[in-house]
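Count residues from 1 along the sequence.
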Amino acid sequence: MEKVRIGIVGLGNMGTGHAKYLVNNEVKGGVLTAICEPRADRLEWAKENLGEGVKLFDNLDDFLASGLIDGVLIATPHYDHPETAVRAFQAGMHVICEKPAGVYTKQVRQMNEAAEASGKVFSMMYNQRTNPLYKKLKDLVSSGELGEIRRTNWIITNWYRSQSYYDSGGWRATWAGEGGGVLINQDPHQLDLWQWTIDMMPKRVRAFCYFGKHRNIEVEDDVTAFVEYENGATGLFVTTTGEAPGTNRFELSGDRGKIVIEDGKLTFWRLRVSEREFNETYKGGFGQPECWKCEIPVEGKETGHMGITQNFVDAILHGTPLIAPGAEGIKGLMISNAIMLSTFTDNWVDLPIDEDLFEQHLQEKIKNSKSSKEAGSFKTLDV
């Protein structure tokens, strides 16, 4: 195989963006050959803008059976991600899936099992893993520069969304249409990076989600979550879509100092000796370890969505390791589901979560959702 023939499922905002760079041949070794989209107006756009070499389909069965594609890029609404991926794997396709992996982990676990059984390449569109800031942070943590993690704090409140944003689509910010609010729509990248950069998942979660606190919506738009890790470290995750101006600050404290990512910079307050060693040896009463403030140079360019797609193609053609293996999509979603379940049950939640209990609560929310009658499968993804 010299080229990977890629078909896109879903031509909303995200699918359209992917189509544009693919049809412009900006991914080496990847070629756009097909689109699957049920809406006539979007197919007309594709016909006018993507050229005759891209075949158009209005149903998934014909798309998968066309013989025109090797890999499927899924850009449908959240609920449809796992089902679409499973069908693609069963048809012998490689798969790259937009975030989030799905709405609930039980569904995503089935997708992961189908991927493993197929033996095909499976990637998640976690484009923030290409950001040099977070790549450098992961390197500093994994190399031991920060020492053992003591605390993680992420304040991510710069996801401002007005009421008009939510009013632009009847499926937006509804249980039946999206399956949640800020956690499932805006935060999947941060929830992924939170565990990926430190290579640790929380042991348990206690969270407080507020539903329609700042906007006329039925899902969460303000969240505070406290987590505990196996090694005794703790963490805090704060997010909302109703705060202006917002903050994006990720802070890690370890035995060897503190690292902060904010305003596009990575700053390391590095202890000359570890806190543990200082505490054991210092006899002067008041005092603290010598600390150096270091502005860490961060090299490289964020390649974003196109970089993840290029990596997907390279993995198929050359066996290149994946930046964002699809099986890891369940990790950030597990944290998201745990945060929601903690609120639903007003209690601590251990990880891995009780997946049946979460689905039970979610289905009850869907049953009472204002969009339950409108929320059919395969609506456009406009995030």
Side-chain angles (χ1 to χ4, degrees), residues 6-24 26-27 30 32 34-51 54 56-58 60 63 71-82 84-85 95-103 123-131 158-174 176-190 192 215 217 219 221 241 302-310 312 324 329 371 374-383:
I6 298 174
I8 296 175
V9 186
L11 206 58
N13 282 352
M14 296 307 303
T16 299
H18 295 307
K20 287 179 179 178
Y21 65 69
L22 283 169
V23 81
N24 287 333
E26 295 181 65
V27 172
L32 181 63
I35 296 289
C36 183
E37 165 62 56
R39 296 170 301 159
D41 63 322
R42 296 308 299 151
L43 288 177
E44 184 61 30
W45 179 91
K47 182 178 180 180
E48 295 175 357
N49 291 275
L50 300 181
V54 179
L56 309 179
F57 299 86
D58 61 7
L60 190 60
F63 171 82
V72 175
L73 195 162
I74 299 172
T76 64
H78 311 145
Y79 278 111
D80 292 330
H81 290 180
T84 305
V95 172
I96 180 170
C97 185
E98 262 294 347
K99 58 82 180 172
V103 175
S123 178
M124 282 296 301
M125 190 58 77
Y126 280 144
N127 53 284
Q128 283 299 303
R129 289 194 183 189
T130 73
N131 188 322
N158 62 345
W159 289 123
Y160 186 80
R161 296 292 186 271
S162 68
Q163 187 64 47
S164 63
Y165 165 83
Y166 294 113
D167 292 343
S168 66
W171 61 278
R172 287 191 186 279
T174 61
E178 282 198 280
V182 63
L183 289 172
I184 204 72
N185 190 323
Q186 283 78 35
D187 283 326
H189 287 303
Q190 284 71 42
D192 172 61
R215 302 290 181 263
I217 58 176
V219 293
D221 61 354
T241 56
E302 181 178 348
T303 55
H305 297 98
M306 194 164 62
I308 294 293
T309 305
Q310 182 68 70
F312 172 67
S371 67
E374 305 170 13
S377 180
F378 206 75
K379 285 180 289 296
T380 188
L381 180 59
D382 292 318
V383 295

Asn185 and His78: side-chain donor and acceptor closer than 3.5 Å? no

Donor + acceptor pair across side chains of Thr241, Tyr166 (<3.5 Å): yes

Any idea which heavy atoms bring [X] and [Y] closest together, and the distance?
X      : Y      : answer
Thr16  : Leu11  : OG1-O, 3.4 Å
Val219 : Ala173 : CG2-O, 3.3 Å
Pro188 : Tyr126 : O-CE2, 4.0 Å

Does any N or O in the side chain of His81 come within less than 3.5 Å of the main-chain N or O of Pro100, such that one atom is a donor and the other an acceptor? yes

Would you say Arg161's side chain and Arg215's backbone share a donor-acceptor pair under 3.5 angstrom? no

Any side-chain heavy-atom pair from [X] and [Y] closer than 4.5 angstrom?
X      : Y      : value
Arg172 : Ile217 : no
Gln128 : Asp192 : no
His189 : Asn127 : yes
Val95  : Phe312 : no
Met14  : His305 : yes
Glu98  : Ile74  : no
Leu56  : Glu37  : no
Ile8   : Leu22  : yes

With sequence neighbours excluded, residues passing side chain to side chain contact (heavy atoms under 4.5 Å, CB included) with Thr303: Thr130

Taking side chain to side chain contact (heavy atoms under 4.5 Å, CB included) as the definition, give me every residue that meets it alongside Asp167, ordered by chain and number, with sequence neighbours left out. Gln163

Checking side-chain contact (heavy atoms from CB on, under 4.5 Å) for the pair Asp221/Val182: CA distance, chi angles, key distance, verdict? CA-CA 6 Å; Asp221 61 354; Val182 63; 5.5 Å; no

For Ile35 and Arg42: C-alpha separation, side-chain torsions, deciding distance, then whether side-chain contact (heavy atoms from CB on, under 4.5 Å) applies. CA-CA 10 Å; Ile35 296 289; Arg42 296 308 299 151; over 6 Å; no

Nearest 0.5 Å, please: how far is CG in Leu32 from OH in Tyr21? 10.0 Å

